[in-house]
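Given the structure is predicted, the values throughout are model-derived calculations rather than measurements. Note that the numbering runs from 1 along the sequence shown for the chain.
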Amino acid sequence: MRVPPQELLGLTVALLERHGVPPYHAQLQSDLLIEAELRGLPSHGLQRLPRLLSRIRQGLADAKAEGTMEWERSFLSVDGQRGLGPVVMMAAIGEMSSVASRHGMAAGGIRNANHIGMLAYYVEAIAASGFIGIVLSTSEALVHPYGGTQAMLGTNPIAIGIPTDREPFVLDLATSLVSMGKIHNHALRGEAVPEGWAVDAAGRPTTDAEAAKAGAIAPFGDAKGYGLGLAVELLVAALAGSAFAPEVRGTLDDTHAANKGDVILMIDPSAGAGNGGALAAYLDRIRDSRPLDPARPVAVPGDGGRARRAAAMAAGIELPDALYDDLKALEAA
């Protein structure tokens with residue numbers, strides 16, 4: 001079914017506020033979830049809302065916390081105090097902006113905060129304020145190393161936002177072949193997962209989404225994705241002081257405090273020799289380059305999400321009937 005975005009935004013804000021979330025925090029968390037739906041990332045969208053509400057009820061997420069922050073030179077250390085992920089993240093970005101302006105760059109590490117969701121949301125916001133943004137995050141052990149079958153790494157996404165004279169360049173990717181949220185979304189819809197995505201708990205290749213949830217996801221690009229994912233794991237643990245993947249809990253359950261980590265890097269491009277107009281022109285040259293299929297022009301990262309967003313704003317967000325019914329039941333409860 002397709003639902004108007006504003007209806008879903010209003011419903012999400014109301015459910016969060018009913019659970020004691022302050023209006024600004026509720027609006028921010030809701031905007032993140034709806035943006036994920038609009039951009040075609042339901043794995044990071046409203047399917048996470050019932051679990052988040054349960055985490056708030058159980059005290060695993062503090063609806064009012066924004067985190068405590070301590071500077072050491074140009075590095076911001078953040079204890080999220082179990083706050084909502086986007087609330088703590090945006091508070092840290094706001095705190096880092098002035099230091100990045102003065103010194104050309106700033107870095108930050110966040111621990112003890114809840115799931116931050118779609119990383120593109122943050123690097124796009126950073127780019128909109130004129131900075132280059134890089135965001136890294138970790139998760140539970142969900143990905144097997146190249147040549148292995150046991151989940152030892154997180155999906156460990158990385159996002160990069162670069163301002164130009166027009167829309168920013170936005171890259172957001174997991175170092176796993178897919179996110180575990182996408183596996184959960186297939187299970188929610190009763191759909192098989194494609195071959196090669198995952199192995200089951202015994203390490204056997206599977207297309208069963210439920211079996212994949214109990215197994216491990218493949219790294220993207222075999223050894224390359226494994227190496228990059230491991231590098232993100234080590235960087236975040238070193239800078240945020242967070243747990244390693246096999247000990248991480250709290251992004252996919254409502255029974256544990258979240259102990260993954262997040263890292264932010266903000267760079268003022270005016271400190272370098274770049275030119276926003278030249279960046280935009282180069283991206284256009286790539287778009288105008290010769291495509292493999294004439295019916296499908298070459299795109300750059302960020303184009304697809306913007307196109308999907310525009311289409312969903314016009315036609316509505318496509319939600320599984322069961323998820324919509326669950327949200328309406330929570331509203332009526």
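For the side-chain hydrogen bond (donor to acceptor under 3.5 Å, both in side chains) test, no residue two or more places apart in sequence or in another chain qualifies with Asp165. For Arg249, there are no salt bridge (charged side-chain N to carboxylate O under 4.0 Å, His left out) partners, not counting sequence neighbours. Under the side-chain hydrogen bond (donor to acceptor under 3.5 Å, both in side chains) criterion, Lys213 pairs with Glu210, not counting sequence neighbours. In this structure Asp326 satisfies the salt bridge (charged side-chain N to carboxylate O under 4.0 Å, His left out) test with no other residue, sequence neighbours excluded.
Contact of the Leu279 side chain with the Phe169 side chain is not registered, since no non-hydrogen atoms from C-beta on lie closer than 4.5 Å. Taking 4.5 Å as the limit, some side-chain heavy atom of Phe244 sits within range of a side-chain heavy atom of Leu234. Looking at heavy atoms from C-beta onward, Val170 lies in side-chain contact with Val123 at the 4.5 angstrom threshold. Side chains of Pro5 and Leu38 form a contact here, defined as non-hydrogen atoms less than 4.5 Å apart. Contact of the Phe131 side chain with the Met96 side chain is not registered, since no non-hydrogen atoms from C-beta on lie closer than 4.5 Å. Considering only heavy atoms from C-beta on, Arg111 stays 4.5 Å or farther from Val78 through its side chain. In this structure the side chain of Ile317 reaches within 4.5 angstrom of the side chain of Ile34, judged on heavy atoms. At a threshold of 4.5 Å between non-hydrogen side-chain atoms, the residues Asp222 and Tyr226 do not count as touching.
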Q: Could you go through the salt bridge (charged side-chain N to carboxylate O under 4.0 Å, His left out) check for Arg309 and Glu35 one step at a time?
A: CA-CA 8 Å; Arg309 188 185 194 282; Glu35 278 297 316; 2.6 Å; yes
Q: Using the side chain to side chain donor-acceptor pair (under 3.5 Å) rule, take Asp208 and Thr206 through it: C-alpha gap first, then chi angles, then the decisive distance, then the call.
A: CA-CA 6 Å; Asp208 185 302; Thr206 185; 5.4 Å; no
**Q.** side chain to side chain contact (heavy atoms under 4.5 Å, CB included) assessment of Ile264 paired with Asp262
**A.** CA-CA 7 Å; Ile264 316 161; Asp262 313 300; 5.7 Å; no
Q) Please walk me through it: do Val88 and Gln81 pass side chain to side chain contact (heavy atoms under 4.5 Å, CB included)? A) CA-CA 9 Å; Val88 176; Gln81 299 179 304; over 6 Å; no
Q: Apply the test side chain to side chain contact (heavy atoms under 4.5 Å, CB included) to residues Val143 and Met152: give CA-CA distance (whole Å), side-chain angles for both, the deciding distance (0.1 Å), then the verdict.
A: CA-CA 6 Å; Val143 181; Met152 294 298 297; over 6 Å; no
Q: Evaluate the criterion side chain to side chain contact (heavy atoms under 4.5 Å, CB included) for residue pair Val21 and Gln29; output intermediate values, then yes/no.
A: CA-CA 10 Å; Val21 182; Gln29 178 70 69; 5.9 Å; no
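Taking both residues in full, the closest heavy atoms of Val135 and Leu119 are given as O-CD2, 3.4 Å, listed atom of the first, atom of the second, then distance. Residues Gly133 and Ile126 come closest through the heavy atom pair CA-CG2, 3.6 Å. Closest heavy-atom contact between Ala127 and Pro163: O-CB, 3.5 Å. Ser179 and Ile217 make their closest contact through C-CD1, 4.0 Å (heavy atoms, listed as atom of the first residue, atom of the second, distance). Of all the heavy atoms in Gly148 and His144, the pair that sits closest is O-ND1, 3.1 Å. When every heavy atom of Ile183 is checked against every heavy atom of Ala212, the shortest pair comes out as CG2-CB, 3.8 Å.
Taken together through direct or relayed side-chain contacts under 4.5 Å among Ile, Leu, Val, Met, Phe, Trp and Tyr, Leu323 and Leu16 form part of one hydrophobic cluster.
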Cut-off 3.5 Å, no hydrogens considered: what does the side-chain donor-acceptor table look like for residues 46-61, sequence neighbours left out?
residue	atom	partner	partner atom	Å
Gln47	OE1	Asn185	ND2	2.9
Gln47	NE2	Gly181	O	3.2
Arg48	NE	Ser43	O	3.0
Arg48	NH1	Thr251	O	3.2
Arg51	NE	Leu252	O	3.3
Ser54	OG	Gln58	NE2	2.8
Ser54	OG	Asp254	OD2	2.8
Arg55	NE	Asn114	OD1	2.9
Arg55	NH1	Gly250	O	3.3
Arg55	NH1	Asp253	O	2.8
Arg55	NH1	His256	O	2.8
Arg55	NH2	Asn114	OD1	3.1
Arg55	NH2	Gly250	O	3.4
Arg55	NH2	His256	O	2.9
Arg57	NH1	His19	NE2	3.0
Gln58	NE2	Asp254	O	2.9

Distance-only donor-acceptor hits, side chain of residues 287-296, under 3.5 Å, sequence neighbours excluded:
residue	atom	partner	partner atom	Å
Arg287	NE	Asp303	OD2	2.8
Arg287	NH1	Asp284	OD1	2.9
Arg287	NH2	Glu167	OE2	3.4
Arg287	NH2	Asp303	OD1	2.9
Ser289	OG	Ile286	O	2.6
Asp293	OD1	Ala295	N	2.9

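Ile158 contributes atom CD1, which lies 5.0 Å from atom CG of Leu136 (distance to the nearest 0.5 angstrom). Rounding to the nearest 0.5 Å gives a distance of 9.0 Å between CE of Met266 and OG of Ser98. If you take CE on Met1 and CD on Glu318, they are separated by 10.5 Å, rounding to the nearest 0.5 Å. Taken from CE in Met90 to CD in Glu95, the straight-line distance is 13.5 Å, to the nearest 0.5 Å. Residue Met180 holds its CE atom at 8.5 Å from OG1 of Thr155, rounded to the nearest 0.5 Å. Atom CG of Leu41 and atom NZ of Lys182 lie 6.5 Å apart (nearest 0.5 Å).
Of the possible donor and acceptor atoms, none in the side chain of Asp172 sits under 3.5 Å from a partner among the backbone N and O of Met118. Distance alone, capped at 3.5 Å, is enough to place a donor-acceptor pair between the Arg18 side chain and the Leu330 backbone. Distance alone, capped at 3.5 Å, is enough to place a donor-acceptor pair between the Thr138 side chain and the Gly261 backbone. Side-chain atoms of Glu124 never come within 3.5 Å of backbone atoms of Pro168 as a donor-acceptor pair (strictly under, hydrogens ignored). In terms of modelled atom types and a separation under 3.5 Å, the side chain of Thr12 and the main chain of Ser30 share no donor-acceptor contact. Formation of a donor-acceptor pair under 3.5 Å by the Glu72 side chain with backbone atoms of Ser77 is not found in this model. Remark: side-chain polar atoms of His25 are not paired, donor with acceptor, to backbone N or O of Val87 under 3.5 angstrom. Side-chain atoms of Thr164 never come within 3.5 Å of backbone atoms of Ala280 as a donor-acceptor pair (strictly under, hydrogens ignored). Remark: side-chain polar atoms of Arg2 are paired, donor with acceptor, to backbone N or O of Gly316 under 3.5 angstrom.
In this structure, Tyr282 places its OH atom where only 12 or fewer heavy-atom neighbours from other residues, nucleotides or ligands lie under 6.0 Å away. Open room surrounds CD on Gln150; 12 or fewer heavy atoms of other groups in view lie less than 6.0 Å from it.
Ring geometry for His115 against His44 counts as tilted: the plane angle lies between 30° and 60°, on a 0 to 90° scale.
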